[in-house]
Amino acid sequence: MEQQIHITVRYNLATGDVNLNEIVFELKQLRDSLMLRILEQILKDYDDLIAERLSRTDIYPSKKRRGLGRHLRREDSQRRFCRGRKVRKRGYRRQLRKISTIFGDLQIPIREVECLKCGARYCPLLGALRIDAYAHKEMNFEHQVIEAVIDTNYRRLIDGRSIDISLGGIHNLVVGSDIDKLYQESVDLEQISGLMADGTGVKQHKGRKGELRIAMGITRAGHVEPLGCFTNTDWSEIEQVVKERIKQAKALNIPFIYDGEPGLDDFLADVAESQRCTWHGPRGLYHALWQDGLKKKDSEPQTDTLKQLIGIELAEGDYEILKEEDKQQVKDRCDASKREIQEMIKTFEDKGYRHGAAYLKNLSARLFTHIEIWLKTGVIAPKTISRLERVFREIGRRLKKIAWGWSDKAVTNLSKMIMIKQYSPEKWEQYWKEKLGIKGYFHIQLMEVTS
Ligand SMILES: [Zn+2]
């Protein structure tokens with residue numbers, strides 16, 4: 001259905017005085033309000049068109065009413081839809097309908113009609129526009145607000161553009177989001193070189209301390225593959241959710257890396273082999289020996305030794321052309337390191353370093369997984385959780401900027417959004433296109449501008 005809108009613009013210019021900057025500046029001021037007026041006109045025309053088709057059943061065949069006039073049957077406790085598609089116009093709703101858009105707020109009168117079959121009164125425009133009775137925002141608006149929150153410039157968005165949304169309103173958008181949908185799709189582990197999980201503290205409502213936990217993979221190409229974000233959730237429950245997503249039956253030659261967090265010792269053990277983060281190992285030992293009463297200068301030689309023992313370099317590049325003796329060298333060093341760690345444990349026990357011995361014992365079984373995997377497959381798997389720590393910093397920076405008490409759901413959802421936008425941008429774009437329902441049902445062109 002082709003329609004036209006005519007726009008008349010009036011301007012005054014001080015001949016001989018005005019410069020280009022001023023003209024462009026003034027046009028910029030006009031931009032959003034012009035778009036709002038065009039939108040308003042389109043919606044009014046559409047409202048008329050719909051009312052015409054539903055009321056003039058003598059002119060329009062039923063197929064012209066396809067997609068129009070859906071409404072709930074009047075006084076039906078079961079809230080069933082009415083099949084009636086013939087209406088009488090009943091003028092306009094007394095209250096203007098407010099809709100927030102990326103151009104600003106729109107207030108428009110909306111037609112009401114009466115169904116001739118059931119007598120229900122309703123506004124067919126709202127149904128046709130796919131906005132429900134109480135929604136006051138179009139989805140582009142939600143999109144922009146959420147993007148702004150993620151980029152931490154939401155203040156500028158609101159202040160600079162007179163967009164009418166409170167911090168609480170943003171909170172509701174984040175909490176009400178269906179971003180969870182994207183976290184149910186299954187993930188292919190074929191290209192993954194390692195899995196990792198860890199937690200970090202977040203400040204929540206009324207200063208309550210909560211914990212955000214994330215599980216993710218690193219692909220062979222070095223990209224982050226988000227697996228899940230959780231707030232104040234048990235590791236066992238997290239494991240179930242992640243398992244659902246990876247649907248992996250057989251064990252793969254990949255490590256699961258963690259920093260020694262209790263509850264993660266056997267995480268995803270059917271799929272991956274535990275690897276303690278080699279960066280956190282020496283730090284954890286320092287802490288354990290401190291519990292045994294050792295000062296830094298006394299524990300430093302021990303932690304330095306441990307650092308050396310686990311710092312075995314693997315040859316990057318083509319594993320296939322690597323000489324057998326080079327592999328053997330790595331294997332020998334790895335075996336030697338293991339033996340030396342056993343000796344360290346023995347020494348600690350002899351000296352009565354109870355915490356140090358227990359820590360190292362627990363650590364030692366899971367320190368060289370990445371080397372064993374390399375010897376078996378040639379894949380250099382990650383051995384620290386530094387990538388995940390970077391992710392936590394990214395998320396933490398944004399959560400902190402938005403300074404009000406976050407609920408569990410808000411922390412979880414916002415973390416998911418930040419991760420998807422950052423690490424799976426094509427999924428993020430697809431998600432919004434689907435949400436916005438952009439399918440090519442509306443086109444508009446500028447015809448001519450003359451004076
Ligand atoms: Zn009806």
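Read the numbers this way: they start at 1 and go in the same order the structure lists the ligands and their atoms. Every heavy atom of this structure was used, including side-chain atoms; hydrogens, water molecules and symmetry mates were not. None of these values were measured; they are calculated from a predicted model.
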Take Ile108 and Asp47, measure what side chain to side chain contact (heavy atoms under 4.5 Å, CB included) needs, and give me the verdict at the end. CA-CA 11 Å; Ile108 52 165; Asp47 204 4; over 6 Å; no
For a distance under 2.8 Å, give residue and atom name for each protein N, O or S atom next to the Zn ion (ligand 1). His71 NE2, Cys82 SG, Cys115 SG, Cys118 SG
For Thr57, enumerate each residue passing the side-chain contact (heavy atoms from CB on, under 4.5 Å) test, keeping only those at least two apart in sequence or located in another chain. Arg65, Lys86
Looking at Glu273 and Arg366, is there a salt bridge between them, counting it only when a charged N and a carboxylate O are closer than 4.0 Å? no
Interatomic distance, NE2@His280 vs CG@Leu363, rounded to 0.5 Å, equals 12.0 Å
Determine whether Lys433 and Glu429 satisfy the following criterion, salt bridge (Lys or Arg N to Asp or Glu O under 4.0 Å), listing intermediate values before the conclusion. CA-CA 6 Å; Lys433 261 207 160 148; Glu429 201 176 304; 5.4 Å; no
Is Arg398 paired with Glu394 through a side-chain N to carboxylate O contact shorter than 4.0 Å? yes
